[in-house]
Every structure is written in C-alpha cells, then in structure tokens.
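Below you'll find the structure I mean.
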Amino acid sequence: ARRGHWLGFRSDVPDILAAADVFVLSSRNEGMANVMLEAMSVGCPVVATAVSGVGFAIGAYGEAGPAGWIVPPDDPVAMAGATGAALEGPAADVAGRVAEAKRRIRTRFAPGRMLDEVENVQRQRGALLKQASSVHGRRSGKLDESAELTLDVMRNAANKIAVALGADAARVESGTERYLVDEDGQT
C-alpha cells in the first residue's frame, strides 16, 4: 500500500530523499527551501508550489527545460496532477527534469558560487560604507566587523555544504582564496 510515514529526527536525510519516489513542497510561503535543493541533488523528482525561490530552482529557463513541476499555491488538484506526472509520467520527461535539477545544483547552487555571491554583496556593502564614511568625514576603507564576520560564517557554511554534498575532500573556491575541507569538516 502507498502511504506516508512520519520518521521523526533523522541523520540520513539524503538517503531517504534518494529512496523517495517524489518530493512535494506544498508551501504557501517559502524562502529558498533547502530541503527542496537537497531532493534535487540526490535525483528525487520535485513538485513544488510557485512561491519565492521555487521558480528559480526548478522553473524553465532559456533552452533548459524545467527541473521539476511547479503548481500554484493552494491548488490541490494541480498538486495532485503534477505529483501524478512525476510518479507516472513518461520516463524520458521525468529523467530529463531530474537531470536538469542535478545540473542546476552543481552550477547555480554550488557552495563556491554561493560564497562568491555573498562575498560580492559584502564587498559592495564595504564600498558603500567607505563612500558613506568619506562623506561623513570618517576614515574607513575596510569592511566593518559585522561584514567580516558574515564572510567568515559564509566560508564555514560553504565548507560544510561541500562536505554534506558527499565530498570526502572538497575544495570550495572563492576568487583567489581556496578552502580545503576534509570529511570531518575540518579546514
């Protein structure tokens, strides 16, 4: 019989997602659902509501087809239809969407790229702080302490993400800086 199970706390979520037939995100409001990205990374077909970052993650872009199925929020009929398509649709369509999802995880959501983008925002913030301080008569050409702390936290997070994605030894590159991580998350 097909049914859902409440599993409680699990430390083997990637294995569970990989074994699932489909991942359904029925949120009415969502930022960028990390669990959706995790499902994409292990090859689980994704059905999700059209909220916030879902379109960026699995919507069709340019020549690339969709990386999952997107439905309107609060539309159980559309959700059921998309879930049925993910479970019983043409194998080539499902496989194409899953392959596109994995490609996007490797490109759009790679830890190094995410870190580069955060560092770029912080550098822009630093430039604005420098400009503002010169206008107000203060001398400050460096990023403030909170910006530096944010960069350190993001570097550490990128390293942990790389390890969580299954790398025994992963290198996360950011500009000219390189961060080497081993299987225990130690740099």
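We number each residue from 1, following the sequence as shown. Note that the coordinates shown come from a computational prediction; the quantities given were computed from them, not determined experimentally.
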#### Entry: Contact summary for Ala78 and Val71, nearest pair of heavy atoms
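What the structure gives for the nearest pair is O-CG1, 3.5 Å.
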### Task
For residues Arg104 and Ala64, report the shortest heavy-atom separation together with the two atoms involved.
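Scanning both residues, the minimum pair turns out to be NH2-CB, 4.3 Å.
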### Task
Specify the closest pair of heavy atoms between Val54 and Ala48, including all atoms of both residues, with the distance to one decimal.
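Of all heavy-atom pairs spanning Val54 and Ala48, the closest is CG1-CB, 3.7 Å.
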### Query
Taking all atoms of both residues into account, what is the closest heavy-atom pair of Ala57 and Met32, and its distance?
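Smallest heavy-atom distance, with atoms named: CB-SD, 4.3 Å.
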If you look only at distance, which donor and acceptor atoms sit under 3.5 Å apart when one is on a side chain in residues 14-22 and the other is two or more places apart or in another chain?
none

### Task
Search all heavy atoms of Met40 against all heavy atoms of Val46 and return the closest pair with its distance.
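Nearest pair, atom of Met40 first, then Val46: CG-CG2, 3.7 Å.
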### Task
Compare all side-chain heavy atoms of Thr49 with those of Met79 and state whether any distance is below 4.5 angstrom.
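Yes, at least one pair of side-chain atoms sits under 4.5 Å.
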### Query
Would a hydrophobic clustering, with Ile, Leu, Val, Met, Phe, Trp and Tyr connected at side-chain separations under 4.5 Å, put Met36 with Val24?
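In one cluster: no.
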### Message
Listing request: all salt bridge (charged side-chain N to carboxylate O under 4.0 Å, His left out) pairs with a residue in residues 42-57, at least two apart in sequence or in separate chains.
### Response
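Residue pairs with at least one partner in residues 42-57: there are none.
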### Minimum side-chain heavy-atom gap Glu38-Val42 below 4.5 Å
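They are not in side-chain contact.
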### Query
Does any pair with a residue in residues 35-57 pass ring-ring contact (aromatic ring centres under 6.0 Å, His included), and if so which ones, sequence neighbours excluded?
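Those involving residues 35-57 are Phe56-Phe109.
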### Task
Determine which pairs satisfy salt bridge (charged side-chain N to carboxylate O under 4.0 Å, His left out) with at least one residue from residues 71-84, sequence neighbours left out, and list them in order.
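Of all non-adjacent pairs touching residues 71-84, those that pass salt bridge (charged side-chain N to carboxylate O under 4.0 Å, His left out) are Arg28-Asp74.
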### Message
Under the rule for side chain to side chain donor-acceptor pair (under 3.5 Å), what residues qualify as partners of Ser27, not counting sequence neighbours?
### Response
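For Ser27 the side chain to side chain donor-acceptor pair (under 3.5 Å) partners, ignoring immediate neighbours, are Glu30.
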### Message
So, using salt bridge (charged side-chain N to carboxylate O under 4.0 Å, His left out) as the criterion, who are the partners of Asp93 when residues are at least two apart?
### Response
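Arg97.
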### Task
Say whether Trp69 and Ile105 are linked into one hydrophobic cluster, either directly or through other cluster members, by side-chain heavy-atom distances under 4.5 angstrom.
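No, it is not one cluster - the side chains of Trp69 and Ile105 are not joined through contacts under 4.5 Å.
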### Query
Between Val94 and Ala86, what is the shortest heavy-atom contact and its length?
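Residues Val94 and Ala86, closest heavy atoms: CG2-O, 3.7 Å.
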